[in-house]
Number of protein chains: 2
Amino acid sequence: MTSDNIIVECGKCKNTDCYIKLCDSHWILLVNNKKNQIVFKKGQHIFLEGHLIFGVYFIQEGKVKVNSSNLDGKKQIVRLATDGHILGHLGSQGETYPIEAVTMEDSRICFFDNQTMHDALMANPQFTFNMMMFYSKELRKIEQRTKFFAQMTVEEKIIFALLYVASTFGISKKEKALNVIISRQDLAEIAGTNSEQISRTLTSLNQQNLIHIRGKEIIMSDYQGLKNCISRYKISLF
Amino acid sequence: MTSDNIIVECGKCKNTDCYIKLCDSHWILLVNNKKNQIVFKKGQHIFLEGHLIFGVYFIQEGKVKVNSSNLDGKKQIVRLATDGHILGHLGSQGETYPIEAVTMEDSRICFFDNQTMHDALMANPQFTFNMMMFYSKELRKIEQRTKFFAQMTVEEKIIFALLYVASTFGISKKEKALNVIISRQDLAEIAGTNSEQISRTLTSLNQQNLIHIRGKEIIMSDYQGLKNCISRYKISLF
DNA sequence: ACAAAAGTCTGCAAAAACGCAACTTTCAAA
DNA sequence: TTTGAAAGTTGCGTTTTTGCAGACTTTTGT
(Lines give C-alpha, C1' and ligand atoms only; values in the text may rest on other atoms or scores of the structure.)
Protein backbone atom coordinates (compact mmCIF):
# COMPACT_ATOMS: atom_id res chain seq x y z
CA MET A 1 0.00 0.00 0.00
CA THR A 2 1.00 3.54 -0.73
CA SER A 3 1.32 5.90 2.22
CA ASP A 4 -1.79 6.27 4.38
CA ASN A 5 -1.72 10.04 4.55
CA ILE A 6 -1.79 10.91 0.88
CA ILE A 7 -5.22 10.99 -0.72
CA VAL A 8 -5.27 9.51 -4.22
CA GLU A 9 -7.08 11.91 -6.57
CA CYS A 10 -9.42 10.25 -9.11
CA GLY A 11 -7.57 12.02 -11.93
CA LYS A 12 -4.24 10.54 -10.87
CA CYS A 13 -5.46 7.17 -9.61
CA LYS A 14 -3.52 4.30 -11.17
CA ASN A 15 -6.45 1.93 -10.74
CA THR A 16 -7.38 1.25 -14.36
CA ASP A 17 -10.48 -0.78 -13.49
CA CYS A 18 -12.34 1.98 -11.62
CA TYR A 19 -15.57 2.96 -13.34
CA ILE A 20 -15.32 6.58 -12.22
CA LYS A 21 -12.72 6.99 -14.97
CA LEU A 22 -15.50 6.51 -17.54
CA CYS A 23 -17.08 9.86 -16.61
CA ASP A 24 -16.37 13.05 -18.57
CA SER A 25 -13.21 14.76 -17.30
CA HIS A 26 -15.10 17.59 -15.59
CA TRP A 27 -17.31 15.03 -13.86
CA ILE A 28 -14.23 13.16 -12.63
CA LEU A 29 -13.06 16.39 -11.00
CA LEU A 30 -16.50 17.09 -9.55
CA VAL A 31 -16.95 13.58 -8.17
CA ASN A 32 -13.39 13.59 -6.85
CA ASN A 33 -14.12 16.71 -4.80
CA LYS A 34 -17.18 15.07 -3.27
CA LYS A 35 -15.56 11.75 -2.44
CA ASN A 36 -14.37 10.65 0.97
CA GLN A 37 -11.26 8.46 0.93
CA ILE A 38 -10.41 6.41 4.01
CA VAL A 39 -7.59 3.96 4.72
CA PHE A 40 -8.81 1.00 6.79
CA LYS A 41 -6.46 -1.29 8.69
CA LYS A 42 -6.78 -5.06 8.36
CA GLY A 43 -9.85 -6.45 10.09
CA GLN A 44 -11.82 -3.17 10.28
CA HIS A 45 -15.45 -2.77 9.33
CA ILE A 46 -16.20 -0.57 6.32
CA PHE A 47 -19.91 -0.76 7.08
CA LEU A 48 -22.07 -2.87 9.37
CA GLU A 49 -25.19 -4.95 8.80
CA GLY A 50 -28.24 -2.85 9.67
CA HIS A 51 -26.55 0.52 9.09
CA LEU A 52 -28.28 3.14 6.98
CA ILE A 53 -27.12 3.30 3.36
CA PHE A 54 -25.75 6.72 2.42
CA GLY A 55 -23.81 5.73 -0.69
CA VAL A 56 -21.43 3.27 -2.30
CA TYR A 57 -17.80 2.36 -1.70
CA PHE A 58 -15.14 1.77 -4.36
CA ILE A 59 -11.98 -0.12 -3.45
CA GLN A 60 -9.00 1.94 -4.61
CA GLU A 61 -6.62 -0.72 -3.29
CA GLY A 62 -7.14 -3.58 -0.87
CA LYS A 63 -8.90 -6.83 -0.09
CA VAL A 64 -12.37 -7.01 1.40
CA LYS A 65 -14.83 -9.72 2.45
CA VAL A 66 -18.56 -9.09 2.34
CA ASN A 67 -20.51 -11.22 4.77
CA SER A 68 -23.94 -11.80 6.15
CA SER A 69 -24.71 -13.29 9.53
CA ASN A 70 -27.71 -15.00 11.09
CA LEU A 71 -29.10 -14.51 14.60
CA ASP A 72 -26.90 -17.31 15.97
CA GLY A 73 -23.87 -15.27 14.90
CA LYS A 74 -22.96 -17.76 12.18
CA LYS A 75 -21.46 -15.91 9.24
CA GLN A 76 -21.34 -16.49 5.52
CA ILE A 77 -18.94 -14.72 3.17
CA VAL A 78 -21.04 -13.88 0.12
CA ARG A 79 -18.42 -12.03 -1.90
CA LEU A 80 -14.74 -11.17 -2.00
CA ALA A 81 -13.74 -7.84 -3.49
CA THR A 82 -10.51 -6.15 -4.48
CA ASP A 83 -9.13 -3.17 -6.48
CA GLY A 84 -11.80 -1.41 -8.54
CA HIS A 85 -14.70 -3.40 -7.11
CA ILE A 86 -17.85 -1.84 -5.72
CA LEU A 87 -19.20 -2.41 -2.20
CA GLY A 88 -22.78 -1.81 -1.20
CA HIS A 89 -25.26 -0.27 -3.54
CA LEU A 90 -27.29 2.89 -4.02
CA GLY A 91 -29.90 3.00 -1.30
CA SER A 92 -33.36 4.42 -1.09
CA GLN A 93 -34.35 6.60 1.85
CA GLY A 94 -34.11 4.65 5.11
CA GLU A 95 -32.74 1.47 3.55
CA THR A 96 -30.12 -0.44 5.55
CA TYR A 97 -27.29 -2.80 4.60
CA PRO A 98 -28.24 -6.49 4.78
CA ILE A 99 -24.52 -7.33 4.82
CA GLU A 100 -21.27 -6.10 6.34
CA ALA A 101 -17.89 -5.42 4.70
CA VAL A 102 -14.61 -6.14 6.50
CA THR A 103 -11.06 -5.52 5.27
CA MET A 104 -8.79 -8.57 5.00
CA GLU A 105 -5.73 -6.34 4.53
CA ASP A 106 -5.02 -2.61 4.85
CA SER A 107 -7.26 -1.05 2.21
CA ARG A 108 -7.91 2.34 0.67
CA ILE A 109 -11.62 2.88 0.14
CA CYS A 110 -13.40 5.73 -1.66
CA PHE A 111 -16.92 6.65 -0.54
CA PHE A 112 -19.43 8.43 -2.80
CA ASP A 113 -22.82 9.53 -1.43
CA ASN A 114 -26.12 8.56 -3.05
CA GLN A 115 -26.80 12.01 -4.50
CA THR A 116 -23.36 12.43 -6.09
CA MET A 117 -23.58 8.94 -7.57
CA HIS A 118 -27.08 9.53 -8.90
CA ASP A 119 -26.05 12.81 -10.55
CA ALA A 120 -22.92 11.28 -12.07
CA LEU A 121 -24.83 8.25 -13.34
CA MET A 122 -27.53 10.39 -14.97
CA ALA A 123 -24.95 12.53 -16.73
CA ASN A 124 -22.50 9.83 -17.85
CA PRO A 125 -24.07 6.98 -19.82
CA GLN A 126 -20.75 5.19 -20.34
CA PHE A 127 -20.25 5.13 -16.56
CA THR A 128 -23.79 3.91 -15.87
CA PHE A 129 -23.59 1.29 -18.59
CA ASN A 130 -20.42 -0.16 -17.11
CA MET A 131 -21.81 -0.07 -13.57
CA MET A 132 -24.80 -1.99 -14.91
CA MET A 133 -22.48 -4.51 -16.56
CA PHE A 134 -20.52 -4.88 -13.29
CA TYR A 135 -23.64 -5.83 -11.35
CA SER A 136 -24.81 -8.05 -14.18
CA LYS A 137 -21.48 -9.92 -14.17
CA GLU A 138 -21.44 -10.27 -10.38
CA LEU A 139 -24.96 -11.64 -10.64
CA ARG A 140 -23.85 -14.31 -13.10
CA LYS A 141 -20.88 -15.19 -10.89
CA ILE A 142 -23.02 -15.69 -7.83
CA GLU A 143 -25.61 -17.62 -9.85
CA GLN A 144 -22.85 -20.11 -10.50
CA ARG A 145 -21.94 -20.14 -6.81
CA THR A 146 -25.58 -20.91 -6.07
CA LYS A 147 -25.33 -24.07 -8.13
CA PHE A 148 -22.12 -25.03 -6.40
CA PHE A 149 -23.64 -24.57 -2.96
CA ALA A 150 -26.65 -26.66 -3.85
CA GLN A 151 -24.89 -29.61 -5.40
CA MET A 152 -21.26 -29.91 -4.36
CA THR A 153 -19.82 -32.14 -1.65
CA VAL A 154 -17.88 -30.43 1.13
CA GLU A 155 -14.53 -31.26 -0.49
CA GLU A 156 -15.71 -29.80 -3.79
CA LYS A 157 -17.01 -26.66 -2.06
CA ILE A 158 -13.63 -26.16 -0.43
CA ILE A 159 -11.79 -26.58 -3.75
CA PHE A 160 -14.22 -24.08 -5.28
CA ALA A 161 -13.56 -21.68 -2.40
CA LEU A 162 -9.79 -21.92 -2.98
CA LEU A 163 -10.20 -21.25 -6.69
CA TYR A 164 -12.55 -18.36 -5.93
CA VAL A 165 -10.01 -16.78 -3.59
CA ALA A 166 -7.26 -17.32 -6.17
CA SER A 167 -9.32 -15.78 -8.97
CA THR A 168 -10.25 -12.74 -6.90
CA PHE A 169 -6.99 -11.96 -5.09
CA GLY A 170 -4.57 -13.76 -7.42
CA ILE A 171 -1.62 -16.06 -6.85
CA SER A 172 2.09 -15.24 -6.88
CA LYS A 173 3.60 -15.99 -10.28
CA LYS A 174 6.60 -18.01 -9.13
CA GLU A 175 5.18 -20.16 -6.39
CA LYS A 176 1.44 -20.01 -7.04
CA ALA A 177 0.85 -19.02 -3.39
CA LEU A 178 -2.49 -17.33 -2.64
CA ASN A 179 -1.94 -13.55 -2.53
CA VAL A 180 -3.68 -13.37 0.83
CA ILE A 181 -3.29 -14.93 4.26
CA ILE A 182 -6.68 -16.44 4.94
CA SER A 183 -7.79 -18.28 8.08
CA ARG A 184 -9.49 -21.68 8.18
CA GLN A 185 -12.52 -19.88 9.61
CA ASP A 186 -12.73 -17.47 6.65
CA LEU A 187 -12.42 -20.35 4.19
CA ALA A 188 -15.20 -22.14 6.09
CA GLU A 189 -17.39 -19.05 5.79
CA ILE A 190 -16.81 -18.96 2.03
CA ALA A 191 -17.35 -22.68 1.48
CA GLY A 192 -20.31 -22.87 3.85
CA THR A 193 -18.88 -25.42 6.26
CA ASN A 194 -16.86 -25.40 9.50
CA SER A 195 -13.17 -24.95 10.20
CA GLU A 196 -12.66 -28.61 11.14
CA GLN A 197 -13.73 -29.72 7.67
CA ILE A 198 -11.36 -27.15 6.16
CA SER A 199 -8.47 -28.59 8.18
CA ARG A 200 -9.30 -32.16 7.24
CA THR A 201 -9.73 -31.33 3.56
CA LEU A 202 -6.63 -29.14 3.24
CA THR A 203 -4.59 -31.96 4.80
CA SER A 204 -6.07 -34.39 2.31
CA LEU A 205 -5.48 -32.07 -0.70
CA ASN A 206 -1.93 -31.58 0.54
CA GLN A 207 -1.38 -35.35 0.56
CA GLN A 208 -2.78 -35.58 -2.98
CA ASN A 209 -0.25 -32.87 -4.02
CA LEU A 210 -3.08 -30.67 -5.27
CA ILE A 211 -2.02 -27.91 -2.88
CA HIS A 212 0.86 -27.37 -0.45
CA ILE A 213 0.72 -25.72 2.92
CA ARG A 214 3.70 -23.67 4.07
CA GLY A 215 3.02 -21.95 7.36
CA LYS A 216 0.05 -19.68 6.80
CA GLU A 217 0.46 -19.76 3.04
CA ILE A 218 -1.58 -21.94 0.74
CA ILE A 219 0.26 -22.88 -2.45
CA MET A 220 -1.92 -23.84 -5.41
CA SER A 221 0.63 -26.38 -6.75
CA ASP A 222 -1.74 -28.07 -9.15
CA TYR A 223 -4.21 -25.41 -10.25
CA GLN A 224 -5.41 -27.44 -13.22
CA GLY A 225 -5.83 -30.54 -11.06
CA LEU A 226 -8.05 -28.60 -8.67
CA LYS A 227 -10.13 -27.31 -11.56
CA ASN A 228 -10.52 -30.86 -12.85
CA CYS A 229 -11.95 -31.94 -9.49
CA ILE A 230 -14.96 -29.70 -10.06
CA SER A 231 -15.08 -29.72 -13.87
CA ARG A 232 -18.41 -31.55 -13.94
CA TYR A 233 -20.06 -28.36 -12.66
CA LYS A 234 -18.95 -26.48 -15.80
CA ILE A 235 -17.94 -23.43 -13.79
CA SER A 236 -16.59 -20.79 -16.12
CA LEU A 237 -15.20 -18.35 -13.60
CA PHE A 238 -11.57 -19.43 -13.35
CA MET B 1 -52.84 -14.72 -21.26
CA THR B 2 -54.06 -12.46 -24.01
CA SER B 3 -54.38 -13.96 -27.49
CA ASP B 4 -51.22 -15.45 -28.96
CA ASN B 5 -51.50 -13.78 -32.33
CA ILE B 6 -51.65 -10.14 -31.33
CA ILE B 7 -48.28 -8.50 -30.71
CA VAL B 8 -48.28 -6.15 -27.73
CA GLU B 9 -46.71 -2.81 -28.74
CA CYS B 10 -44.37 -1.26 -26.14
CA GLY B 11 -46.42 1.95 -26.26
CA LYS B 12 -49.63 0.10 -25.38
CA CYS B 13 -48.15 -2.55 -23.07
CA LYS B 14 -49.99 -2.71 -19.75
CA ASN B 15 -46.91 -4.03 -17.96
CA THR B 16 -46.07 -1.11 -15.66
CA ASP B 17 -42.81 -2.64 -14.40
CA CYS B 18 -41.05 -2.85 -17.77
CA TYR B 19 -37.95 -0.65 -17.91
CA ILE B 20 -38.37 0.08 -21.62
CA LYS B 21 -41.10 2.53 -20.56
CA LEU B 22 -38.40 4.71 -19.02
CA CYS B 23 -36.99 5.61 -22.44
CA ASP B 24 -37.97 8.82 -24.27
CA SER B 25 -41.17 8.32 -26.27
CA HIS B 26 -39.39 8.32 -29.64
CA TRP B 27 -36.96 5.71 -28.30
CA ILE B 28 -39.87 3.54 -27.16
CA LEU B 29 -41.18 3.59 -30.73
CA LEU B 30 -37.75 2.87 -32.16
CA VAL B 31 -37.03 0.01 -29.77
CA ASN B 32 -40.53 -1.37 -30.29
CA ASN B 33 -39.91 -1.62 -34.03
CA LYS B 34 -36.70 -3.54 -33.44
CA LYS B 35 -38.10 -5.98 -30.88
CA ASN B 36 -39.10 -9.55 -31.52
CA GLN B 37 -42.05 -10.78 -29.47
CA ILE B 38 -42.68 -14.50 -29.13
CA VAL B 39 -45.31 -16.49 -27.23
CA PHE B 40 -43.82 -19.64 -25.70
CA LYS B 41 -45.95 -22.57 -24.56
CA LYS B 42 -45.42 -24.08 -21.09
CA GLY B 43 -42.20 -26.06 -20.82
CA GLN B 44 -40.45 -24.52 -23.83
CA HIS B 45 -36.88 -23.26 -23.86
CA ILE B 46 -36.39 -19.52 -24.36
CA PHE B 47 -32.65 -20.04 -24.70
CA LEU B 48 -30.28 -22.92 -24.02
CA GLU B 49 -27.08 -23.23 -22.05
CA GLY B 50 -24.12 -22.79 -24.41
CA HIS B 51 -26.02 -20.77 -27.01
CA LEU B 52 -24.53 -17.54 -28.34
CA ILE B 53 -25.84 -14.39 -26.68
CA PHE B 54 -27.44 -12.00 -29.16
CA GLY B 55 -29.45 -9.88 -26.73
CA VAL B 56 -31.74 -9.83 -23.72
CA TYR B 57 -35.28 -11.02 -23.08
CA PHE B 58 -38.00 -9.14 -21.19
CA ILE B 59 -41.00 -11.03 -19.87
CA GLN B 60 -44.15 -9.24 -21.00
CA GLU B 61 -46.31 -11.81 -19.24
CA GLY B 62 -45.52 -15.27 -17.92
CA LYS B 63 -43.55 -17.42 -15.51
CA VAL B 64 -40.01 -18.58 -16.20
CA LYS B 65 -37.36 -20.64 -14.43
CA VAL B 66 -33.67 -20.00 -15.05
CA ASN B 67 -31.51 -23.02 -14.45
CA SER B 68 -28.01 -24.29 -14.73
CA SER B 69 -27.03 -27.92 -15.11
CA ASN B 70 -23.88 -29.92 -14.49
CA LEU B 71 -22.37 -32.65 -16.66
CA ASP B 72 -24.34 -35.34 -14.79
CA GLY B 73 -27.52 -33.61 -15.93
CA LYS B 74 -28.37 -32.50 -12.41
CA LYS B 75 -30.09 -29.12 -12.53
CA GLN B 76 -30.33 -26.15 -10.23
CA ILE B 77 -32.92 -23.40 -10.56
CA VAL B 78 -31.00 -20.19 -9.88
CA ARG B 79 -33.80 -17.71 -10.42
CA LEU B 80 -37.53 -17.47 -11.00
CA ALA B 81 -38.79 -14.62 -13.14
CA THR B 82 -42.16 -13.14 -14.04
CA ASP B 83 -43.79 -10.06 -15.62
CA GLY B 84 -41.32 -7.24 -16.27
CA HIS B 85 -38.25 -9.26 -15.31
CA ILE B 86 -35.14 -9.51 -17.47
CA LEU B 87 -33.63 -12.78 -18.72
CA GLY B 88 -30.06 -13.16 -19.87
CA HIS B 89 -27.75 -10.22 -20.16
CA LEU B 90 -25.94 -8.14 -22.74
CA GLY B 91 -23.23 -10.30 -24.22
CA SER B 92 -19.85 -9.56 -25.70
CA GLN B 93 -18.89 -11.02 -29.07
CA GLY B 94 -18.85 -14.81 -28.95
CA GLU B 95 -20.11 -15.09 -25.36
CA THR B 96 -22.54 -17.92 -24.58
CA TYR B 97 -25.26 -18.42 -21.96
CA PRO B 98 -24.09 -20.29 -18.83
CA ILE B 99 -27.75 -20.95 -18.00
CA GLU B 100 -31.00 -21.88 -19.71
CA ALA B 101 -34.47 -20.35 -19.39
CA VAL B 102 -37.64 -22.47 -19.52
CA THR B 103 -41.25 -21.31 -19.34
CA MET B 104 -43.35 -22.69 -16.47
CA GLU B 105 -46.55 -21.41 -18.08
CA ASP B 106 -47.46 -19.95 -21.48
CA SER B 107 -45.42 -16.73 -21.64
CA ARG B 108 -45.06 -13.70 -23.89
CA ILE B 109 -41.41 -12.74 -24.23
CA CYS B 110 -39.85 -9.69 -25.91
CA PHE B 111 -36.37 -10.00 -27.36
CA PHE B 112 -34.05 -7.02 -27.93
CA ASP B 113 -30.70 -7.47 -29.66
CA ASN B 114 -27.40 -6.32 -28.14
CA GLN B 115 -26.96 -3.35 -30.47
CA THR B 116 -30.48 -1.97 -29.98
CA MET B 117 -30.12 -2.33 -26.21
CA HIS B 118 -26.72 -0.67 -26.20
CA ASP B 119 -27.98 2.29 -28.24
CA ALA B 120 -31.07 2.69 -26.07
CA LEU B 121 -29.04 2.47 -22.86
CA MET B 122 -26.54 5.09 -24.03
CA ALA B 123 -29.32 7.50 -24.98
CA ASN B 124 -31.64 7.05 -21.99
CA PRO B 125 -29.97 7.52 -18.59
CA GLN B 126 -33.19 6.87 -16.66
CA PHE B 127 -33.53 3.51 -18.41
CA THR B 128 -29.89 2.56 -17.81
CA PHE B 129 -30.04 3.66 -14.18
CA ASN B 130 -33.05 1.48 -13.52
CA MET B 131 -31.54 -1.47 -15.35
CA MET B 132 -28.49 -1.06 -13.14
CA MET B 133 -30.69 -0.96 -10.05
CA PHE B 134 -32.50 -4.11 -11.21
CA TYR B 135 -29.26 -6.08 -11.44
CA SER B 136 -28.06 -4.60 -8.16
CA LYS B 137 -31.28 -5.70 -6.40
CA GLU B 138 -31.14 -9.18 -7.92
CA LEU B 139 -27.56 -9.41 -6.71
CA ARG B 140 -28.62 -8.62 -3.15
CA LYS B 141 -31.45 -11.14 -3.33
CA ILE B 142 -29.19 -13.92 -4.46
CA GLU B 143 -26.56 -12.95 -1.89
CA GLN B 144 -29.17 -13.75 0.69
CA ARG B 145 -29.99 -17.01 -1.05
CA THR B 146 -26.28 -17.85 -0.89
CA LYS B 147 -26.41 -17.60 2.89
CA PHE B 148 -29.50 -19.76 2.99
CA PHE B 149 -27.88 -22.45 0.86
CA ALA B 150 -24.79 -22.49 3.00
CA GLN B 151 -26.40 -22.67 6.40
CA MET B 152 -29.96 -23.97 6.30
CA THR B 153 -31.13 -27.52 6.97
CA VAL B 154 -33.05 -29.27 4.22
CA GLU B 155 -36.42 -28.47 5.84
CA GLU B 156 -35.48 -24.80 6.12
CA LYS B 157 -34.32 -24.71 2.50
CA ILE B 158 -37.65 -26.12 1.39
CA ILE B 159 -39.58 -23.55 3.43
CA PHE B 160 -37.40 -20.84 1.91
CA ALA B 161 -38.08 -22.25 -1.56
CA LEU B 162 -41.85 -22.12 -0.95
CA LEU B 163 -41.65 -18.53 0.26
CA TYR B 164 -39.44 -17.63 -2.72
CA VAL B 165 -41.97 -19.09 -5.14
CA ALA B 166 -44.79 -17.28 -3.33
CA SER B 167 -42.96 -13.95 -3.38
CA THR B 168 -42.12 -14.24 -7.09
CA PHE B 169 -45.34 -15.66 -8.52
CA GLY B 170 -47.75 -14.66 -5.75
CA ILE B 171 -50.53 -16.49 -3.91
CA SER B 172 -54.26 -16.33 -4.50
CA LYS B 173 -55.90 -13.83 -2.14
CA LYS B 174 -58.69 -16.03 -0.84
CA GLU B 175 -57.02 -19.35 -0.30
CA LYS B 176 -53.33 -18.44 -0.26
CA ALA B 177 -52.64 -21.09 -2.91
CA LEU B 178 -49.40 -20.71 -4.87
CA ASN B 179 -50.18 -19.03 -8.21
CA VAL B 180 -48.30 -21.75 -10.06
CA ILE B 181 -48.44 -25.51 -10.36
CA ILE B 182 -44.95 -26.60 -9.47
CA SER B 183 -43.60 -30.16 -9.41
CA ARG B 184 -41.68 -31.77 -6.54
CA GLN B 185 -38.72 -31.94 -8.91
CA ASP B 186 -38.80 -28.19 -9.60
CA LEU B 187 -39.04 -27.46 -5.89
CA ALA B 188 -36.06 -29.78 -5.33
CA GLU B 189 -34.10 -27.88 -7.97
CA ILE B 190 -34.83 -24.60 -6.21
CA ALA B 191 -34.08 -25.87 -2.71
CA GLY B 192 -31.02 -27.83 -3.79
CA THR B 193 -32.17 -31.27 -2.68
CA ASN B 194 -34.06 -34.20 -4.22
CA SER B 195 -37.73 -34.83 -4.84
CA GLU B 196 -37.97 -37.47 -2.09
CA GLN B 197 -36.99 -34.90 0.54
CA ILE B 198 -39.58 -32.51 -0.89
CA SER B 199 -42.27 -35.18 -0.51
CA ARG B 200 -41.24 -36.04 3.04
CA THR B 201 -41.04 -32.39 4.09
CA LEU B 202 -44.29 -31.26 2.44
CA THR B 203 -46.06 -34.11 4.23
CA SER B 204 -44.55 -33.02 7.51
CA LEU B 205 -45.41 -29.33 6.96
CA ASN B 206 -48.92 -30.41 6.04
CA GLN B 207 -49.22 -32.29 9.35
CA GLN B 208 -47.97 -29.20 11.21
CA ASN B 209 -50.70 -27.18 9.43
CA LEU B 210 -48.09 -24.82 8.02
CA ILE B 211 -49.20 -25.66 4.51
CA HIS B 212 -51.99 -27.70 2.94
CA ILE B 213 -51.82 -29.84 -0.15
CA ARG B 214 -54.86 -30.05 -2.40
CA GLY B 215 -54.16 -32.04 -5.52
CA LYS B 216 -51.39 -30.23 -7.35
CA GLU B 217 -51.92 -27.04 -5.43
CA ILE B 218 -49.86 -25.93 -2.46
CA ILE B 219 -51.78 -23.74 -0.03
CA MET B 220 -49.69 -21.48 2.17
CA SER B 221 -52.11 -21.71 5.12
CA ASP B 222 -49.75 -20.26 7.70
CA TYR B 223 -47.50 -17.85 5.83
CA GLN B 224 -46.29 -16.15 8.99
CA GLY B 225 -45.59 -19.50 10.63
CA LEU B 226 -43.40 -20.50 7.70
CA LYS B 227 -41.54 -17.20 7.91
CA ASN B 228 -40.96 -17.77 11.61
CA CYS B 229 -39.32 -21.12 10.87
CA ILE B 230 -36.49 -19.33 9.11
CA SER B 231 -36.51 -16.02 10.97
CA ARG B 232 -33.07 -16.62 12.46
CA TYR B 233 -31.59 -16.06 8.99
CA LYS B 234 -32.93 -12.49 8.93
CA ILE B 235 -34.05 -12.85 5.33
CA SER B 236 -35.66 -9.62 4.22
CA LEU B 237 -37.09 -10.73 0.90
CA PHE B 238 -40.62 -11.69 1.82
C1' DA C 1 -61.13 -47.26 -21.60
C1' DC C 2 -56.71 -48.99 -21.21
C1' DA C 3 -51.81 -49.23 -20.90
C1' DA C 4 -47.69 -46.88 -20.48
C1' DA C 5 -45.26 -43.22 -18.59
C1' DA C 6 -44.46 -39.83 -15.36
C1' DG C 7 -44.80 -38.22 -10.90
C1' DT C 8 -45.31 -38.95 -5.79
C1' DC C 9 -44.75 -41.14 -1.26
C1' DT C 10 -42.50 -43.95 2.38
C1' DG C 11 -39.10 -47.15 4.54
C1' DC C 12 -34.57 -48.35 5.14
C1' DA C 13 -29.59 -48.75 5.08
C1' DA C 14 -25.42 -46.38 3.72
C1' DA C 15 -22.83 -42.29 3.32
C1' DA C 16 -21.72 -37.67 4.40
C1' DA C 17 -21.24 -34.06 7.41
C1' DC C 18 -21.30 -32.14 11.90
C1' DG C 19 -19.74 -30.85 16.39
C1' DC C 20 -17.51 -31.84 20.61
C1' DA C 21 -13.25 -32.63 22.92
C1' DA C 22 -8.56 -33.20 23.40
C1' DC C 23 -4.32 -32.02 21.76
C1' DT C 24 -0.69 -29.33 19.10
C1' DT C 25 1.10 -25.31 16.94
C1' DT C 26 1.66 -20.44 16.24
C1' DC C 27 1.90 -15.77 17.52
C1' DA C 28 2.33 -11.86 20.21
C1' DA C 29 2.45 -9.50 24.59
C1' DA C 30 4.60 -9.44 29.11
C1' DT D 1 12.24 -16.25 27.02
C1' DT D 2 8.06 -17.27 29.00
C1' DT D 3 3.25 -17.62 28.83
C1' DG D 4 -1.41 -17.33 27.53
C1' DA D 5 -4.66 -16.84 23.88
C1' DA D 6 -5.96 -17.90 19.41
C1' DA D 7 -5.75 -20.87 15.55
C1' DG D 8 -5.26 -25.32 13.65
C1' DT D 9 -5.49 -30.54 13.71
C1' DT D 10 -7.42 -35.04 14.58
C1' DG D 11 -10.40 -38.76 16.47
C1' DC D 12 -14.89 -40.27 17.28
C1' DG D 13 -19.82 -40.71 18.20
C1' DT D 14 -24.15 -38.54 16.63
C1' DT D 15 -27.13 -36.50 13.43
C1' DT D 16 -28.51 -35.40 8.93
C1' DT D 17 -29.01 -36.37 4.32
C1' DT D 18 -28.95 -39.26 0.53
C1' DG D 19 -30.30 -42.67 -2.77
C1' DC D 20 -32.43 -46.88 -3.83
C1' DA D 21 -36.53 -49.85 -3.88
C1' DG D 22 -41.14 -50.61 -4.15
C1' DA D 23 -45.93 -49.21 -3.84
C1' DC D 24 -49.15 -46.09 -5.20
C1' DT D 25 -51.33 -42.19 -7.97
C1' DT D 26 -51.99 -39.22 -11.73
C1' DT D 27 -51.48 -37.96 -16.43
C1' DT D 28 -51.07 -38.85 -21.28
C1' DG D 29 -51.55 -40.99 -25.68
C1' DT D 30 -53.66 -44.59 -28.41
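Only heavy atoms go into these numbers, but all of them, side chains included; no hydrogens, no water, no symmetry mates. Sequence lines set the chain letters: A, B, ... in the order given, protein chains first and strands last, and positions in each chain run from 1. Since the structure is predicted, the reported quantities are computational estimates derived from the model, not experimental observations.
- Nearest-nucleotide positions on DNA chain C place B:Gln185 closer to the 5' end than the other of A:Gly215 and B:Gln185.
- Taken over five-pair windows at either terminus, the axes of the helix from C:dA1-D:dT30 to C:dA30-D:dT1 are inclined to one another by 50° (rounded to 10 degrees).
- By the side chain to side chain donor-acceptor pair (under 3.5 Å) test, B:Glu155 is found to be paired with no residue, residues two or more places apart in sequence or in another chain being considered.
- One side chain, A:Ser204 or A:Gln208, offers a donor N or O that lies under 3.5 Å from an acceptor on the other.
- Annotation for B:Asn67 and B:Glu49: closest pair O-OE1, 4.2 Å, computed over non-hydrogen atoms.
- Summarising the geometry, the separation between CD on A:Glu189 and P on D:dG8 is reported as 12 Å, rounded to the nearest angstrom.
- Remark: P of D:dT18 and CD of A:Gln151 are 11 Å apart, rounded to the nearest angstrom.
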Q. Along nucleotides 25-30 of chain D, 5' to 3', which nucleotides get a B, which get an S, and which get a -, given that the test is a protein heavy-atom distance under 4.0 Å?
A. --S---

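- Looking at A:Ile46 and A:Leu87, their side chains come closer than 4.5 Å, going by heavy atoms from C-beta outward.
- A close approach under 4.0 Å does not occur between any side-chain nitrogen or oxygen of B:Thr193 and OP1 or OP2 of D:dT17.
- Residues from residues 196-209 of chain A placing a heavy atom under 4.0 Å of any atom in DNA chain D, listed by number, are A:Glu196, A:Ser199, A:Arg200, A:Thr203.
- By the side chain to side chain donor-acceptor pair (under 3.5 Å) test, B:Thr153 pairs with B:Glu156, sequence neighbours left out.
- Classified by interplanar angle (parallel below 30°, tilted 30° to 60°, perpendicular above 60°), the ring pair A:Tyr97/A:Phe47 is parallel.
- In summary, B:Glu143 and B:Arg140 do not engage in a salt bridge, as defined by a charged side-chain N under 4.0 Å from a carboxylate O.
- Distance, A:Asn194 CG to D:dC12 P: 18 Å, rounded to whole Å.
- A donor atom on one side chain and an acceptor atom on the other are not found under 3.5 Å apart for B:His89 and A:Ser136.
- To the nearest angstrom, C1' of D:dT17 lies 12 Å from NZ of A:Lys157.
- Taking atom CE of A:Met152 as the reference point, atom P of D:dT18 lies 16 Å away to the nearest angstrom.
- Put simply, chain A comes within 4.0 Å of DNA chain C, heavy atom to any atom, from C:dA17 to C:dC27, going 5' to 3'.
- The aromatic rings of A:Phe112 and A:Phe58 sit perpendicular, their planes meeting at an angle over 60°, well past the 30° parallel limit.
- Counting only N and O atoms by type, the side chains of A:Lys42 and A:Thr103 include no donor and acceptor under 3.5 Å apart.
- Salt bridge absent: A:Lys75 and A:Glu189 never bring a charged side-chain N and a carboxylate O closer than 4.0 Å.
- Among the heavy atoms of the strands, none lies under 4.0 Å from B:Ser195.
- The pair B:Glu196-B:Arg184 fails the salt-bridge criterion, with no side-chain N (NZ, NE, NH1 or NH2) lying under 4.0 Å from an Asp/Glu carboxylate O.
- One finds no salt bridge joining B:Glu9 and B:Lys12 here, because no Lys/Arg side-chain nitrogen approaches an Asp/Glu carboxylate oxygen to under 4.0 Å.
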